[in-house]
Colleague: 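Attaching a single structure in structure tokens format; questions to follow.
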Amino acid sequence: MIIVIKNGCDKKQLDNLTSWIEKQGLRIDRSNGENTQILGLVGDTSKVDVDLIQSLDIVESVKRIQEPYKLANRKFHPEDTIVDVAGHKFGGNNFQIIAGPCSVENEKQIIGIANAVKAAGANILRGGAFKPRTSPYAFQGLGGDGLKLLLKAKEETGMPICTELMAEKYLDLFEDVDIIQIGARNMQNFDLLKTVGKTKKPILLKRGLANTIQEWLMSAEYIMSEGNPNVILCERGIRTFEPYTRNTLDLSAIPLLRDLTHLPVIVDPSHASGIAKLVAPMSLAAVGAGTDGLIIEVHNDPPHALCDGAQSLRPEQFEDLVKKIDVMLPLVNRERK
Ligand code: PEP
Ligand code: MN
């Protein structure tokens, strides 16, 4: 339920209203816009008397929210949420590019790629240390050692880093990680979502392989309901019957989400397609669809990459793509800062 408060209302009356609501066991999420103040009620509002609230002097309107996601709902929070990652902002008219290898392989590799993607214009470095692989016999990532190398690359380049957390037991290692990625396979690992919800870190929440937009927003709701509002959604393709591509990039999710939620949404064209040649066209299509950013896999030697080489761009291909993105950004009213 949302309550829109009249402009310039009496503060005492507003305090009375909010304490009355809280006494009913409900939480209030406040959203202060330029001209409006909205109280979003979280919890079981079925017994709340709408007519009574509507009759108050200070109340402009009261509306029940039908969707099961509340904190993530655009109706709760009409203005875009801006997620700040070490000064790089996601949301509003900002545009961010996260780039780097699928996995951290060794020091030379991660530092070399970090320098290359930075020079090409990426703002944030990606690289998996803990890898969710389909086969238990495949390279599982360097784990804690990989994270140390990623932190070294951060120190050398000054780039914030984004990397995947697969289990709560590793959280302590993530203290200096700037964006915690929750991978597609863990989108509905509710305990993990609650764990990252208790941190204040920006969370990159990837869409599950076979999850609906509503299920995805409910996962964001899990994180937000624990107190962490810093959620960035990432469309990374979904399973369909089409075998030519690794997944099918659901670009319609971008403009749809713009209405449904105030959270920033980025696109991962690498996992969505699985094919390096498709990464540039899908990136540009995503920019056209209004994405707030991209996360792109880049490798110095794709044929020998330990993971996801087939979908990785070489640094020079990435550089060429960034130039094209920059040509498009003014058309969609975005700026890369
Ligand atoms: C990744 O980013 O390397 C990854 C494993 O992504 P996803 O969870 O989207 O498959
Ligand atoms: Mn990958």
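Every number for a ligand or one of its atoms is a count from 1 in the order of the listing. Worth knowing before you read on, the calculation uses all heavy atoms, side chains too, and leaves out hydrogens, waters and symmetry mates.
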Colleague: Check whether any heavy atom of Q181 sits under 4.0 Å from an atom of ligand 1.
Modeller: yes
Colleague: Out of curiosity, does V104 fall in the hydrophobic cluster containing L125 (side-chain heavy atoms, cut-off under 4.5 Å, transitive links)?
Modeller: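 Both belong to a single hydrophobic cluster.
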Colleague: Quick one: does G128 get within less than 4.0 Å of ligand 1, heavy atoms only?
Modeller: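 No heavy atom of G128 comes that close to ligand 1.
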Colleague: Atom 4 (C) of ligand 1: which protein heavy atom is closest, and how many Å away?
Modeller: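 The protein heavy atom lying closest is H271 NE2, 3.4 Å.
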Colleague: Given NE2 of H271 on one side and OD2 of D308 on the other, what angle do they make at the Mn ion (ligand 2), to 10°?
Modeller: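 Between NE2 of H271 and OD2 of D308, at the Mn ion (ligand 2), the angle is about 90°.
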Colleague: Taking the N/O/S atoms of E297 one by one, which is nearest to the Mn ion (ligand 2)?
Modeller: OE2
Colleague: Quick check: R126 and ligand 1, any N/O pair under 3.5 Å apart?
Modeller: yes
Colleague: Within the 4.0 Å heavy-atom shell around E297, which atoms of ligand 1 are there?
Modeller: 3 (O)
Colleague: Identify, for atom 6 (O) of ligand 1, the protein heavy atom at the shortest distance, and state residue, atom and that distance.
Modeller: K206 NZ, 3.0 Å
Colleague: Which atoms from ligand 1 have a heavy atom of G183 less than 4.0 Å away?
Modeller: 8 (O)
Colleague: Just wondering, are more than 12 heavy atoms of other shown residues or ligands nearer than 6.0 Å to NZ in K63?
Modeller: no
Colleague: Would a distance-only check, ignoring hydrogens and angles, find a side-chain to backbone donor-acceptor pair under 3.5 Å from N247 to H271?
Modeller: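 Yes; at least one donor-acceptor contact below 3.5 Å.
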Colleague: Does a sphere of radius 6.0 Å around NZ in K6 hold more than 12 heavy atoms from other residues, nucleotides or ligands, not counting ones at 6.0 Å or beyond?
Modeller: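 Yes - once you tally the heavy atoms of other residues, nucleotides and ligands closer than 6.0 Å, there are more than 12.
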Colleague: Taking atom CD of E168 as the centre, does the number of heavy atoms from other residues, nucleotides or ligands within less than 6.0 Å exceed 12?
Modeller: no
Colleague: Has K200 got more than 12 heavy atoms of other residues, nucleotides or ligands less than 6.0 Å from its NZ?
Modeller: yes
Colleague: Check this for me - ligand 1, A184, N or O atoms closer than 3.5 angstrom, yes or no?
Modeller: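 Yes.
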Colleague: For ligand 1, which atoms have a heavy atom of C102 less than 4.0 angstrom away?
Modeller: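 Those of ligand 1 that fall under 4.0 Å from C102 are 3 (O).
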Colleague: Nearest to atom 9 (O) of ligand 1, what protein heavy atom do you find, and at what distance?
Modeller: R236 NE, 2.7 Å
Colleague: Does T45 reach the main-chain N or O of V48 with its side chain, forming a donor-acceptor pair under 3.5 Å?
Modeller: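 Not confirmed, T45 side chain does not pair with V48 backbone.
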Colleague: Taking atom CD of E175 as the centre, does the number of heavy atoms from other residues, nucleotides or ligands within less than 6.0 Å exceed 12?
Modeller: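 Atom CD in E175 is not crowded, with 12 or fewer foreign heavy atoms closer than 6.0 Å.
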